[in-house]
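Order of the sequence lines fixes the chain letters, A, B, ..., with proteins taken first and strands second; residue numbering starts at 1 for each chain.
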There are 2 protein chains.
Amino acid sequence: MPPSECRNASRRILSAARAIATREGAGRITIEAVAKEAGLSKGGLLYNYPTKKALLSGLLAQMLAGHRELLESVPERHPARTLRGHLETVLQSEEVDGDLSMAILATAASDPQLLDPLRAELTDDLGRILSDTQDAPGAMVAFWAIQGLRFQKLLKLPDGGADTRERVIERLRALIDDLK
Amino acid sequence: MPPSECRNASRRILSAARAIATREGAGRITIEAVAKEAGLSKGGLLYNYPTKKALLSGLLAQMLAGHRELLESVPERHPARTLRGHLETVLQSEEVDGDLSMAILATAASDPQLLDPLRAELTDDLGRILSDTQDAPGAMVAFWAIQGLRFQKLLKLPDGGADTRERVIERLRALIDDLK
DNA sequence: TAACATAAACCGACCGGACGGTATAGTTTG
DNA sequence: CAAACTATACCGTCCGGTCGGTTTATGTTA
């Protein structure tokens, strides 16, 4: 078996899971439903991901990989580079089907332990963020605001309207770029 | 039936549900488990809350009531009063068993629609926050940072250490108090 | 190239357990 | 007794995971 073939099935499965999560909610991710969405049988899915835990952690891993990739696309010498990357990740996910946060929620609800890779990633990022600046509290406020935005989108909480939201993001960007 | 009796049973049930959510995760809130934790039978619980939806929405309602009460305890003439109340809610929930956010997560996973009361409440709060200040973006950044803190605690995400966290909260308080 | 061997990829019936909800019988209290 | 409330047996459904079997891809040998 060429590994590309396997990756393709895996990717198809993961994106099916994301599609279901976005369309019907994180709680509706079941093995059968994902298999059907991905166009294969339950057995076939379980061949690729032997347990549901494996499926969910695969989902999270894929999201984290995408996140990391986007972080690295931020110009090398940008001040508060990591922070900026986080913000862009959130903003970008508005136009993409499926979403890191959705996977997080699905994962956390079924088994909090699965979030450990995310915790590790965030610990790294936080370390970089704090070492990128001398204004730790300022950076942290921006960081939490970004996370807040994540969950606002995820849970469809009110955002004060599109233009308010625009101005907030503008302000956030300014705050980040002014960090030293 | 004396209403106090009913309220007591109801409260016992809800706090049992919170206890389970905090101890074992939001996904472990089942009717049987909650009944056992509350010291009554499944039938007894279903007499008080005829469906699981009712239980969850009761949980959310109780949390929202507590939140609102705490909001009102903030001095009448404090600038950015609502925002300050939100922050205190988050900080206080560190010392209380059970937690608004946990209920939110449990609710969202099972039925996103149940979050509607929360959305309404937040819409109100956002309106007050924006009318309390002339610096809308600044207020919103603080608002999202507070929400971010909520979810950091909920998902046990890293926070950069206790002292960093302390300083961030300090900064956040300063930001809020400086709003006009 | 035909015949066979081997293993990867996949299928889908089935099982067992969990859970939400019902029905009903029992118990307490006024 | 009646109303309020509790307890428990039970049902239907859903879901995760198993398992035996089938197809498909890849050699291998004569």
Whole Å only: how far is the CG atom of B/L46 from the P atom of C/dA23? 13 Å
If I take atom CG in residue A/N8 and atom C1' in nucleotide D/dT24, what distance separates them, rounded to the nearest angstrom? 17 Å
How many Å lie between NZ on A/K42 and P on D/dG16, as a whole number? 7 Å
Atom pair distance, as rounded to whole Å: NZ in A/K36 and P in D/dC15: 12 Å
Listed nucleotide nearest any side-chain atom of B/S41, set C/dG21, D/dT8, D/dG16: D/dT8
Tell me if the side-chain of A/K52 makes a donor-acceptor pair with the base of D/dG17, cut-off 3.5 Å, by modelled atom types. no
Earlier contact from the 5' end, DNA chain C, for A/L40 and A/E32: A/L40
Under 4.0 Å between any heavy atoms, over every strand shown, what does B/I31 touch: base, sugar-phosphate, or nothing? Just pick one. sugar-phosphate
May I ask you to decide whether B/D124 forms a salt bridge with B/R68, counting only side-chain N to carboxylate O separations under 4.0 Å? no
Check this for me, if you would: do A/R23 and A/E37 make a salt bridge, where the nitrogen-to-carboxylate-oxygen distance has to be below 4.0 angstrom? yes
B/Y47 atom OH is separated from D/dA7 atom P, nearest whole Å, by 14 Å
Can we say A/K153 and A/D159 salt-bridge, meaning some charged N sits less than 4.0 Å from an Asp/Glu carboxylate O? no
Looking across every strand, which nucleic acid part, if any, lies under 4.0 Å from A/L45 by heavy atom: base, sugar-phosphate, or nothing? nothing
From CZ of A/R28 across to P of D/dC15 the rounded distance in Å is 7 Å
Using a cut-off of 6.0 Å, state whether more than 12 heavy atoms not belonging to A/E69 lie near its atom CD. no
Return the value, rounded to whole Å, for the distance between atom CG of B/N48 and atom C1' of D/dA4. 11 Å
